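Reviewing the structure listed below.
Since we're looking at a predicted model, the values are computed, not measured. Per chain, numbering begins at 1; letters A, B, ... match sequence-line order.
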Amino acid sequence: MNKNYITTPIYYVNGEAHIGHAYTTFIADTLARHSRLLGNETYFLTGTDEHGQKIEESAKKQNKPTQEFADEISATFKNLWDEFDISYDQFIRTTDTSHKIGVQAAFEKMVANGDIYKDFYEGNYCVSCETFFPESQLMDGGCCPDCGRVTTIIKEESYFFRLSKYEKPLMEYYEAHKDFILPKSRRNEVMSFVRSGLHDLSVTRTSFSWGISVPESLNDPKHVMYVWLDALMNYVTALGYGMDEVKMDFWPANVQLVGKDILRFHAIYWPAFLMSLGLPLPKHIGAHGWWTRDGEKMSKSKGNVVDPREVAKHYGAENFRYFMMREVPFGQDGDFSQRALIDRMNSDLSNDLGNLLNRIIGMSEKYSDFAIDSVNVAQYHQKELHDADTILATLEGYFDELQIHRYLEELWKIFTIGNKAIEEHAPWVKVKEGRLNEALATVALVANLLAKASIMLHSVMPKTTATIADALGFEITTASYKALITDKGLLAPFVIKKIPPLFPRVEEPLMQEAPKAMIEEEPKKEVALKTEDKKVSTVPSEGLITIDQFFQTALKIGTVLEAQEVPKSSKLLKLQVDLGEEVPRQIIAGIREYYSAESLIGTQVCVVANLKPAKLMGMLSEGMLLAAKDSEGLSLIRPEKPRFSGSSIG
RNA sequence: GGCUGGGUAGCUCAGCUGGUUAGAGCGCUGGUCUCAUAAGCCGGAGGUCGGGGGUUCGAGUCCCCCCCCCGCCA
């Protein structure tokens, strides 16, 4: 029996669970259930990450003891997973005592083998953002790239992990294990990052205390472990690392799921830590994509965040889960919309699957008083059985590469076989001709197809498939998996249960609240319709902005004081533009192909004055020129008559 | 700016080492059965395969140039 360990990341308790957390957890749960069905000894871990400065601060804001704050948020995650019937075997918290002991043990081992040393962490620190920034990210004059304020150089004592030492071993590992990082497209990113050179990693802080302190043996109590070392270790401390180690035989993990944003930590730091500890690396790190809503990024400020609870409440938790697993290739971003969800449910679940079940319930009721017997199936439906078993045999391979959407796509062909068989053999005709055995064989064929398919669908829709199995007189277990899938067997005679349609068609969106963007769109469409027919508005009704939104952009007239070519660039000019402010703005503009530096000096231009400063070719650009570009060339937008520098446009 | 990946039907995507009329699902549309959840089944329309050169008997598939999109890095 294989040991199979599957993990989600531990979720940071700085906010409530959202669709992204749900997605990761659904995938992991699907993998875990699938593994168990195959008969593997399976351990599924999820949990919460609770240390760090941000948690400390959030708790302070709410006037709560930090632990109490962490307890509360952690519980919201656990509750959500329980609501969704997530089959985790353990819910780890980084504040668990056993985790702390394990992390300290790991730290000691790293110290012992020379991978951790004490030095000074020196960096440009933005007091306002409370963040260190590497030299390369700073703006001109050492300003913070986020807020633009001047940063200060701070020197802080810190322990470092010798990440640089693992550059080569990591590259060798990636080379030798092509499917270590999934999807494969992400592998390139990781490798190019490592190839560009790894710096040693600062793994402790003295600036906050909400974390696991370094081992007592170091006698350095002011040092607290930095979040990633602490957090990543959860995957082995959950198995008892550094303690009793009772479950360490589950290591290495089979699949460790992560969002694409934290891939680097899991594909570089984590393997390096493991190498340092002398532990084998996980077989796969799977990085999934993000979800957008109606094509837009979700954010609290837009008010278009998808609440997994809400969707589940209106559409059903497993339908939602099916949608997420089926809709998006692993690794790609997906888009959630009620339309897409409804289409998927109606087409796949209602029409293909649900209706098929209903068809044989109806026929068996009329032809045999619900009795179904596989006895003649092989005789009349050799071809269908063969086709179905062939498809079923190929499915496993998709799971190996986390291609759950392809898995489901293939699985659905079983239902097409069933629907076609009914059509082709028209049991109602056979019955009229007195060939009852043949008619019943077709019904029994479809019952078997549904049974086999529901076994394979079980990991995605556990409860729904259990209901189907119940109607078909069997249970989905490792034993029935072996009998019906592996051994290609058929159902024993049974009496089918008449159940109401499993997936009623959804005709209209069931969730009332529309995202703000949609609400605002409605009236505009009406206006466009009311316009007289002869003058049909040519303004597109979508993507309109309000006057307030327009004025969020500060457009100003500027006078070019200086202009010079940027060395090594064929496109860029460096300009000093007077916007009526104390100091002229430096603007880097990509117009060298169309304007010479001399020709610009003294002329006026239109400038976006409140653009976030950006660095181009290492130079700060504090604004953008307006210009019109087409296939013929580019032309700057200028005031028709001279205006004072800094005049606003609008 | 550097490096990946990609640009194929209305939408989402498949097309391995170049080879008959470029595929699937959804959507649209015509027909048809009646066991079934206005479901099923059969058929159809719809693509100058991002643009331009080139190699070849033959290129979506190889080479060069250009444009655009996503991602990672800077």
Open item on the list: Please classify the nucleic acid contact of A/Leu502 as base, sugar-phosphate, or nothing, using heavy-atom distances under 4.0 Å.
Closed with: base
Open item on the list: Would you measure the distance from the C1' atom in B/C35 across to the matching atom in B/G44 and give it in whole Å?
Closed with: 27 Å
Task: Nucleotide nearest A/Glu189 when distance is taken to its side chain, options B/U37, B/U4, B/G71 - done: B/G71
Task: Listed nucleotide nearest any side-chain atom of A/Phe503, set B/U37, B/A36, B/C41 - done: B/U37
Open item on the list: Does the structure show a Watson-Crick or G-U wobble partner for B/C41, both distances under 3.5 Å? Name it, or say none.
Closed with: B/G31
- [ ] Quick one: closest heavy-atom pair of A/Ala340 and A/Glu327, and the distance?
- [x] CB-OE2, 4.0 Å
TODO: Select base, sugar-phosphate, or nothing to describe what A/Pro427 touches, counting heavy atoms under 4.0 Å on all strands.
DONE: nothing
Open item on the list: Please report the distance separating the P of B/A9 from the corresponding atom of B/C3, rounded so that it comes out in whole Å.
Closed with: 29 Å
TODO: Would you mind pulling out the nucleotide paired to B/G25, Watson-Crick or G-U wobble, both distances under 3.5 Å?
DONE: B/C11
Open item on the list: If I pick the C1' atom on B/C16 and the same atom on B/A22, what distance separates them, to the nearest angstrom?
Closed with: 16 Å
Task: Pairwise P distance, B/A45 and B/G25 [rounded to whole Å] - done: 15 Å
Open item on the list: Does A/Gly354 reach a base, just sugar-phosphate, or nothing at all? Heavy atoms under 4.0 Å.
Closed with: base
Open item on the list: Does A/Asp343 reach a base, just sugar-phosphate, or nothing at all? Heavy atoms under 4.0 Å.
Closed with: nothing
Task: Output field: ring centroids A/Phe273/A/Phe161 closer than 6.0 Å - done: yes
- [ ] Please report the closest heavy-atom contact between A/Ser347 and A/Asn351, naming both atoms and the distance.
- [x] O-CB, 3.3 Å
Open item on the list: Counting only side-chain heavy atoms from C-beta out, which of B/U37, B/C33, B/G40 sits nearest to A/Arg505?
Closed with: B/U37
Open item on the list: Give me the atom names and distance for the closest heavy-atom approach of A/Pro308 to A/Ile19.
Closed with: CD-N, 3.9 Å
TODO: Classify the ring geometry between A/Phe180 and A/Tyr174 as parallel (under 30°), tilted (30 to 60°) or perpendicular (over 60°).
DONE: parallel
Task: Atom-pair distance (CD on A/Glu423; P on B/U34), nearest Å - done: 10 Å
- [ ] Mind checking A/Gln332 for me? I need base, sugar-phosphate or nothing, with any heavy atom below 4.0 Å counting as a touch.
- [x] sugar-phosphate
TODO: Please work out if A/Lys260 contacts a base, only the sugar-phosphate, or nothing of the nucleic acid, heavy-atom cut-off 4.0 Å.
DONE: nothing
- [ ] Let me know, please, whether A/Glu409 or A/Ala426 comes out on the 5' side of the other along RNA chain B by nearest nucleotide.
- [x] A/Glu409
Open item on the list: B/A36, OP1 or OP2 - any side-chain N/O from A/Lys366 closer than 4.0 Å?
Closed with: yes
Open item on the list: From CG of A/Asn351 over to P of B/C26, roughly how many Å is that when rounded to an integer?
Closed with: 9 Å
TODO: For the residue pair A/Phe265 and A/Trp228, categorise the inter-ring angle as parallel (less than 30°), tilted (30 to 60°) or perpendicular (more than 60°).
DONE: parallel
- [ ] Pick the P atom in B/G31 and in B/C70, then give their distance to the nearest Å.
- [x] 44 Å
Task: Whole angstrom value for the distance that separates P of B/A74 from CZ of A/Arg195 - done: 15 Å
Task: Side-chain N,O (A/Asn346) to OP1/OP2 (B/A39) below 4.0 Å - done: no
Open item on the list: Mind checking if A/Arg344 touches a base, just sugar-phosphate, or nothing, with heavy atoms under 4.0 Å?
Closed with: nothing
TODO: Would you mind reading off the distance between A/Glu424 atom CD and B/U34 atom P, rounded to a whole angstrom?
DONE: 17 Å
Task: Span that lies between the P atom of B/U61 and that of B/G7, in whole angstrom - done: 11 Å
- [ ] Determine the interatomic distance between P on B/U8 and the same-named atom on B/C72; round to the nearest Å.
- [x] 22 Å
Open item on the list: Any N or O donor-acceptor pair under 3.5 Å from the base of B/A36 to the side chain of A/Asn355?
Closed with: yes
Open item on the list: Roughly how many Å apart are B/G23 and B/A14, using the C1' atom of each and rounding to a whole number?
Closed with: 7 Å
Task: Rounded distance in Å - CG (A/Leu353) to C1' (B/G40) - done: 14 Å
TODO: For the side chain of A/Ser347, starting at C-beta, report the closest nucleotide among B/C26, B/U37, B/C35.
DONE: B/C26
Open item on the list: Looking at B/U20, which nucleotide sits across from it as a Watson-Crick or G-U wobble partner, both distances under 3.5 angstrom, or is there none?
Closed with: none
Open item on the list: Below 30° counts as parallel, above 60° as perpendicular, anything between as tilted: where do the rings of A/Trp412 and A/Phe415 land?
Closed with: perpendicular
Open item on the list: Among B/G40, B/C41, B/A36, which nucleotide has an atom closest to any side-chain atom of A/Lys420?
Closed with: B/C41
Open item on the list: Both A/Tyr367 and A/Phe193 contact RNA chain B. Which one's nearest nucleotide lies toward the 5' end?
Closed with: A/Tyr367
